[in-house]
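The sequence lines fix the lettering, A, B, ..., with proteins before strands; numbering per chain opens at 1. Computed from a prediction, not measured in an experiment: that's the story for all the values here.
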Amino acid sequence: MSVITYMSSTDSLTCVLSLILVLKLGTNPTSVDSVVVGTGNEVRIKPGQRLHIVNQLYPYTIQFKEDPTGKNSGTKRPRESASDDRESPREAQKMKAAKLTEKVPVLVNHGEAQKHTERGGLWSQGLKISMQDPKMQLYKDDKVVVIKDKYPKARHHWLVLPWQSIPSLKALCEEHCDLVKHMQQVADQMVQQCPDSSSLSFRTGYHAIPSMSHVHLHVISQDFDSPCLKNKKHWNSFTTDYFIESNDVIQMLETNGRVTVKEGATELLKLPLCCHMCHKELSTIPALKEHLKSHFPR
DNA sequence: GTTCTAGAAC
DNA sequence: GTTCTAGAAC
């Protein structure tokens, strides 16, 4: 039995994080005894065992070799500032986990996972993984699946995703018209079944330039009452034209056969904070959140 | 997408 | 002094 720890090279980190993602979701957890996600990135795994990462797209072979220095169990992240040479409680916990390590595994990348770190990062592929996890699925049919947004920006915030791999709005064409209409129907269904649908209003739409890969339709209640709503980008992405109504996407597909996103959408994210209910301008996020309480008392 | 943190704003 | 934002790293 051995323990994988985070090593110094970026590739190793990617591999370990990839493993954790999959193992955490239980996609292929053969012979895995324990997983500690976060501070003590610990994965027990048999030497030579092959794991398939992201639904068997990215196979790795796990090799093990002795660490002659014993120093290679360091767990500090590369971007850590030079001035911070004391151990935080978090670092101490990681070091404690590392001390349990007898051998240091080397992950040999046979697949594509490392490319994600070069193009947007592995995190941008997270939806592809979440949507496959039965525990996350609130609804599914032969065309789409619905999951809860991992960091909901309101009391109710779901994502409708097609099974078909469509990276973004840009990739949509007239052939997707029926699919996108179906996504809207399922979104409406989700709102109908919500116990708060009589007291809260909802909007359904797409972000002009989403961070996460794989087309996803946001279904979000308009209270924006959530600790995950933290900054101007969050706010403006749902309350300016950065948020493109599902019906507008359908109409664009029907009339032009494609979806056009206006230039300068990114600038919309920098607009002043403006209440979507009464258009009052607020100077800070905490002030905005306090103001929202007047529109949506608990 | 989130987290972290330097430094701006107060 | 504290609060808050914005940009970089992931």
Side-chain angles (χ1 to χ4, degrees), chain A residues 5-21 24-25 37-41 53-54 74-91 93-94 107 109 113-133 136 147-154 157-161 167-169 205-220 224 226-238 242-243 265-274 281-292:
Chain A
T5 56
Y6 165 20
M7 295 183 295
S8 58
S9 87
T10 305
D11 284 353
S12 299
L13 173 59
T14 302
C15 295
V16 172
L17 292 180
S18 303
L19 287 167
I20 286 167
L21 262 177
K24 189 184 172 189
L25 297 172
V37 180
T39 52
N41 293 337
I53 298 183
V54 193
T75 56
K76 288 193 175 182
R77 294 166 80 173
R79 70 193 169 92
E80 198 154 2
S81 70
S83 60
D84 182 16
D85 47 32
R86 286 174 303 173
E87 268 185 31
S88 66
R90 225 170 140 180
E91 292 296 331
Q93 195 180 342
K94 277 198 244 178
L107 300 177
N109 186 1
Q114 131 183 33
K115 288 181 185 169
H116 296 311
T117 60
E118 294 155 10
R119 293 187 301 220
L122 183 70
W123 56 263
S124 70
Q125 307 299 313
L127 287 179
K128 296 182 203 295
I129 297 166
S130 297
M131 65 186 276
Q132 302 286 343
D133 181 359
M136 310 282 269
I147 60 174
K148 187 181 172 178
D149 193 291
K150 193 176 175 187
Y151 299 91
K153 303 302 185 291
H157 186 184
W158 307 297
L159 304 177
V160 184
L161 305 110
S168 70
L169 290 180
Y206 302 84
H207 280 157
I209 306 162
S211 300
M212 304 294 280
S213 186
H214 201 106
V215 152
H216 52 284
L217 175 60
H218 291 271
V219 186
I220 185 165
F224 295 108
S226 165
C228 298
L229 196 151
K230 292 177 176 174
N231 57 46
K232 185 176 267 190
K233 184 179 175 180
H234 291 156
W235 180 254
N236 284 333
S237 72
F238 288 100
Y242 194 88
F243 190 82
T266 313
E267 296 307 304
L268 297 172
L269 299 174
K270 297 171 188 167
L271 287 171
L273 298 170
C274 188
E281 193 174 312
L282 285 308
S283 56
T284 65
I285 286 287
L288 170 66
K289 294 193 138 205
E290 197 57 36
H291 172 78
L292 288 176

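Distance A:Tyr151 OH to B:dG1 P: 12 Å, rounded to the nearest Å. One can place CG of A:Leu159 at 11 Å from C1' of B:dG1, the figure rounded to the nearest angstrom. To the nearest angstrom, P of C:dT3 lies 19 Å from CG of A:Leu288. Rounding to whole angstrom units, CG of residue A:Leu127 and P of B:dT2 are separated by 11 Å. One interatomic measurement links the two molecules: CG of A:Leu229 to C1' of B:dG1, which rounds to 14 Å at whole-angstrom precision. Here the C1' atom of nucleotide B:dG1 and the CG atom of A:Leu269 are 13 Å apart, to the nearest Å. Taking atom CD1 of residue A:Ile147 and atom P of nucleotide B:dG1, one finds them 12 Å apart after rounding to whole Å. Look at CD1 on A:Ile129: it is 13 Å from C1' on B:dG1, rounded to the nearest Å.
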If you restrict it to nitrogen or oxygen atoms, what contacts under 3.5 Å exist between nucleotides 4-6 of chain C and the protein, and what is each distance?
| unit_1 | atom_1 | unit_2 | atom_2 | d |
| --- | --- | --- | --- | --- |
| C:dT5 | OP1 | A:Ile285 | N | 2.8 |

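Qualifying side-chain contact (heavy atoms from CB on, under 4.5 Å) partners for A:Thr284, counting only residues two or more places apart in sequence or in other chains: A:Pro286, A:Ala287. Qualifying side chain to side chain donor-acceptor pair (under 3.5 Å) partners for A:Trp158, counting only residues two or more places apart in sequence or in other chains: none. For A:His207, the ring-ring contact (aromatic ring centres under 6.0 Å, His included) test picks out A:His218, A:Phe238, A:Tyr242, with sequence neighbours left out. Remark: A:Glu281 pairs with no residue by the salt bridge (Lys or Arg N to Asp or Glu O under 4.0 Å) rule, at least two apart or across chains. Qualifying side-chain contact (heavy atoms from CB on, under 4.5 Å) partners for A:Lys233, counting only residues two or more places apart in sequence or in other chains: A:Ser211, A:Asn231, A:Leu269.
Among the atoms of the strands shown, none is found under 4.0 Å from any heavy atom of A:His157. At a threshold of 4.0 angstrom between heavy atoms, the contacts of A:Lys270 with the nucleic acid are absent.
Distances shown here put every side-chain N or O of A:His234 at or beyond 4.0 Å from the OP1 or OP2 atom of B:dG1.
With values rounded to the nearest 0.5 angstrom, A:Ile220 atom CD1 is found 8.0 Å from A:Ser226 atom OG.
Put simply, the side chain of A:Leu268 does not reach to within 4.5 Å of the side chain of A:Asn236, judged on heavy atoms.
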